[in-house]
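All heavy atoms count here, side chains included; hydrogens, waters and symmetry mates do not. So that the names make sense, note that chain A is the first sequence line, chain B the second, and so on, each numbered from 1.
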Number of protein chains: 2
Amino acid sequence: MAGTLMPMHTRPSSYHHGDLRAALLTRAEETLREKGPAALSLRELARDLGVSHAAPSRHFRDKQALLDALALTGFERLAVALEGAHGRAGASFAQRLDVIVRAYVDFALENAALLDLMYSIKHDPEASEALRAAAERWSALLVSGIEEGQRQGEVREGPLERVGVPVFAVLHGYAGLVTAGMLPPEAAEHGLDEVIAFALRGCAPDAV
Amino acid sequence: MAGTLMPMHTRPSSYHHGDLRAALLTRAEETLREKGPAALSLRELARDLGVSHAAPSRHFRDKQALLDALALTGFERLAVALEGAHGRAGASFAQRLDVIVRAYVDFALENAALLDLMYSIKHDPEASEALRAAAERWSALLVSGIEEGQRQGEVREGPLERVGVPVFAVLHGYAGLVTAGMLPPEAAEHGLDEVIAFALRGCAPDAV
DNA sequence: ACCTGAACACCGTTCAAGT
DNA sequence: ACCTGAACACCGTTCAAGT
């Protein structure tokens with residue numbers, strides 16, 4: 001679909017034959033990972049890619065728009081990672097929860113700065129629509145897992161949002177504590193196992 | 001419209017007889033609350049307080065130092081709020097947990113931007129020492145609550161860090177989800193009750 | 001001691017102009 | 001269409017100099 005006659009060998013002066021937008025996002029993610037959010041500057045991004053400092057504005061209205069787009073790709077990658085893990089999980093609720101929790105925490109550890117960005121996006125009425133949709137793609141996985149667990153009798157009854165919220169909270173909170181370095185290393189060691197066991201007890205039906 | 005009644009009883013030229021540091025922190029907290037972290041600028045702070053833009057550097061080595069100090073005051077206020085709530089709590093573990101969780105979430109809602117800052121501080125070997133101490137002042141409350149609960153037989157046995165980490169995680173995660181606006185209003189409504197019940201089940205001893 | 005004023009090297013954003 | 005170059009109004013940080 002892309003330019004049929006475009007030479008692939010790079011001519012330095014017009015290297016970005018239409019994919020400057022993608023190149024900006026890729027580079028932004030690299031510097032976010034390597035140097036943190038404070039080091040993200042449109043002008044430096046442009047410099048790195050060999051375009052003028054005004055070029056990015058053709059693809060992102062302002063800096064926030066680039067951050068929004070970056071968060072969006074983050075939610076998409078998170079969804080892909082979790083869907084992959086879910087596909088490899090066993091049939092019981094305990095197995096699915098275990099696999100999803102581990103995949104989420106793995107993603108958080110490998111993309112700490114990006115995850116932070118994802119949850120700190122300003123909620124413009126416009127951008128948040130797309131973001132919420134992307135975020136829901138993976139939380140739907142958690143929700144359907146709980147729903148299935150209820151059918152199997154492994155999860156207590158109750159409205160989905162209610163049973164799901166606490167599980168979402170432990171997950172999100174543990175990932176946040178670990179990536180913020182708020183847990184001493186000893187606690188982080190087996191902390192994840194404890195969190196999973198804790199969540200399972202919290203989800204379990206009342207004894208009869 | 002503003003000009004005529006200016007003087008107050010403050011001499012505009014040297015109002016800060018030694019408490020510029022405190023004034024900077026107070027004003028920083030206000031603009032953090034009102035206009036968000038992106039709007040925090042040393043130069044604007046100085047302008048607001050009627051000093052030169054170089055004056056803040058006498059009290060804070062750089063911007064990060066001011067943010068660190070701001071986070072520190074945040075942890076101190078959080079500790080005070082939780083200790084107050086804890087003092088008013090009942091004798092059972094369930095009552096103490098309820099009171100602490102609600103106080104934490106209240107603090108998170110009233111100081112969303114500040115809490116964000118508190119947990120996103122760069123961990124310089126130096127600043128993090130004081131920060132960790134301040135953070136531990138309130139988490140010690142949670143830990144001793146759990147310890148007491150174990151003595152009362154309301155909380156399952158196990159090393160403190162392990163039992164405490166999941167509780168800390170739900171708390172932190174729920175507060176984060178709410179302040180980030182990631183929960184639909186219906187879910188936020190009774191979400192807190194569900195989170196507390198969930199945590200209690202997670203802490204409960206195994207049935208015998 | 002505490003603060004000022006100027007200077008430096010950066011920003012994000014806008015806009016006429018080039019190709 | 002896509003990008004450039006200059007311009008504008010901001011930053012944080014440093015430092016000689018004032019009081």
### Query
What orientation do Y104(B) and H172(B) show, parallel under 30°, tilted 30 to 60°, or perpendicular over 60°?
perpendicular
Under the rule for side chain to side chain donor-acceptor pair (under 3.5 Å), what residues qualify as partners of [X], not counting sequence neighbours?
X       : answer
R156(B) : D206(B)
D48(B)  : R27(B)
R201(A) : none
E29(B)  : R33(B)

### Query
Which dot-bracket string describes DNA chain C (Watson-Crick N1-N3 plus N6-O4 or O6-N4, or G-U N1-O2 and O6-N3, all under 3.5 Å; [ ] crossing; | other strand)?
||.|||||...|||||.||
### Query
Any side-chain N or O of H59(A) under 4.0 Å from OP1/OP2 of dC3(D)?
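Result: yes.
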Whole Å only: how far is the [atom1] atom of [X] from the [atom2] atom of [N]?
X      : N       : atom1 : atom2 : result
D19(A) : dA1(D)  : CG    : P     : 19 Å
L67(B) : dG12(D) : CG    : C1'   : 12 Å
L49(B) : dC2(C)  : CG    : C1'   : 15 Å

### Query
Partners of L160(A) by side-chain contact (heavy atoms from CB on, under 4.5 Å), sequence neighbours excluded?
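Once residues adjacent in sequence are excluded, the partners of L160(A) under the side-chain contact (heavy atoms from CB on, under 4.5 Å) criterion are V143(A), I146(A), E147(A), Q150(A).
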Listing, residues 69-78 of chain B side-chain donor-acceptor contacts under 3.5 Å, not counting sequence neighbours, or none:
unit_1, atom_1, unit_2, atom_2, d
T73(B), OG1, L70(B), O, 2.7
R77(B), NH2, N111(B), OD1, 2.7

### Task
Go through dT13(C), dT4(D), dT4(C) for me and flag the one nearest to the A55(A) side chain.
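Nearest nucleotide to the side chain: dT4(D).
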### Task
Report the residues that fulfil salt bridge (charged side-chain N to carboxylate O under 4.0 Å, His left out) with E136(B), sequence neighbours left out, ordered by chain and then residue number.
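In terms of salt bridge (charged side-chain N to carboxylate O under 4.0 Å, His left out), with neighbours along the sequence ignored, E136(B) is linked to no residue.
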### Query
Applying side-chain hydrogen bond (donor to acceptor under 3.5 Å, both in side chains), which residue pairs with at least one partner in residues 83-92 of chain A are found, sequence neighbours left out?
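Every pair satisfying side-chain hydrogen bond (donor to acceptor under 3.5 Å, both in side chains) with a residue in residues 83-92 of chain A: E83(A)-R137(A), S92(A)-Q95(A).
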### Task
Take K63(B) and D68(B) through the test salt bridge (Lys or Arg N to Asp or Glu O under 4.0 Å) and record every step on the way to the result.
CA-CA 9 Å; K63(B) 192 181 183 180; D68(B) 289 352; over 6 Å; no
Return all side-chain donor-acceptor pairs below 3.5 angstrom for residues 50-57 of chain B, not counting sequence neighbours, or 'none' if the list is empty.
unit_1, atom_1, unit_2, atom_2, d
S52(B), OG, A54(B), N, 3.2
S52(B), OG, A55(B), N, 3.4
S57(B), OG, A54(B), O, 2.8

Each nucleotide N or O in nucleotides 17-19 of chain C that has a protein N or O under 3.5 Å away: list the pair and distance.
none

### Earlier contact from the 5' end, DNA chain D, for A54(A) and A54(B)
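Result: A54(A).
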Pairs: protein N or O with nucleotides 7-11 of chain C N or O, under 3.5 Å:
unit_1, atom_1, unit_2, atom_2, d
dC11(C), OP1, R47(A), NH2, 3.3
dC11(C), OP2, R47(A), NH2, 2.5
dC11(C), O5', S41(A), OG, 3.4

